[in-house]
Amino acid sequence: MASMAFSSVHAAPFHTLSLSNLQLSSKSGSMAFLDLPNRTSLGSSKSTFFRDGLSILSPILSGVSLKSRSFATVYARAATEKTIHDFTVKDIDGTDVSLSKFKGKVLLIVNVASKCGLTSSNYTELSQIYEKYKTQGLEILAFPCNQFGGQEPGSNPEIKQFACTRYKAEFPIFDKVDVNGPSTAPVYQFLKSNAGGFLGDLIKWNFEKFLVDKNGNVVERYPPTTSPLQIEKDIQKLLAA
């Protein structure tokens with residue numbers, strides 16, 4: 001990965017791309033996905049779209065830079081004056097956890113699922129990244145979510161056993177949450193409003209990622225098709241800062 005949010009990279013205009021089954025709208029200077037037609041047919045975890053992990057979005061996202069920070073991001077921070085450390089969430093066991101405990105840590109925050117086509121590669125690489133950098137100040141915060149293809153249907157104990165037994169996940173896993181819609185968890189409202197960029201406000205699929213600096217500020221957002229290992233250089237930069 002060439003660079004992170006510290007520099008701006010300009011991609012070709014999105015309107016030059018042809019994609020008949022995505023409806024797009026321009027809002028506040030950024031492009032946002034409004035709707036995916038044929039939700040019923042696409043909603044099956046057996047479909048090519050979901051089995052291959054965003055096979056439709058992959059060629060688009062790979063050609064569009066997410067490396068520019070919009071003015072909206074700066075204004076949002078100035079207006080709220082909040083950081084990730086101001087939030088309290090429940091962990092996978094139902095215990096309240098103040099995210100202020102992670103002050104001074106670099107955070108990689110990801111919405112996870114157990115039955116996604118991206119599950120195996122992401123959990124494997126997340127565990128590798130965590131093992132490598134946890135002593136240097138990295139924390140990975142995993143939030144299970146069942147909003148994408150119903151691919152996280154289990155109870156919290158089942159999710160915990162799956163992640164910790166099959167993938168040896170040692171990083172914190174939290175209570176299952178909504179990341180879109182009227183019941184969006186406050187921490188995800190904050191992440192989305194402070195990330196800006198091409199992805200707009202909606203979380204698009206399982207394993208979308210946010211990188212947060214030691215002061216609790218969102219500095220980068222990555223689409224689901226960006227693997228944890230592709231983020232490693234960005235993590236190193238923040239750890240060294």
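Under the side-chain hydrogen bond (donor to acceptor under 3.5 Å, both in side chains) test applied with Ser227, the options Glu232, Glu125, Lys209 reduce to a single match, Glu125. Exactly one of Val219, Asn194, Ile203 qualifies for a side-chain contact (heavy atoms from CB on, under 4.5 Å) with Phe210. That residue is Ile203.
Residue Lys160 qualifies as open at atom NZ: its count of foreign heavy atoms under 6.0 Å is 12 or below.
Between the side chains of Asn146 and Gln151, no donor-acceptor pair of N or O atoms lies under 3.5 Å.
Between the side chain of Lys115 and the main chain of Ala113, no donor-acceptor pair closer than 3.5 Å is present. Remark: the backbone N or O of Val179 is paired with a side-chain donor or acceptor of Gln147 at under 3.5 angstrom. Proximity of a side-chain donor or acceptor of Glu208 to a complementary backbone N or O of Asn111 within less than 3.5 Å is not detected. Side-chain N or O atoms of Tyr123 include none that pairs as donor or acceptor with a backbone N or O of Val112 at under 3.5 Å.
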Verdict with reasoning, Tyr188 to Asp178, per side-chain hydrogen bond (donor to acceptor under 3.5 Å, both in side chains): CA-CA 8 Å; Tyr188 264 87; Asp178 281 357; over 6 Å; no
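When ring centroids are compared, Tyr167 and Phe162 come within the 6.0 Å threshold.
Within the model, atoms NZ of Lys233 and CG of Leu238 stand 15.0 Å from one another, a figure rounded to the nearest 0.5 Å.
Salt bridge status for Lys134 with Glu170: present, with a side-chain N to carboxylate O gap under 4.0 Å.
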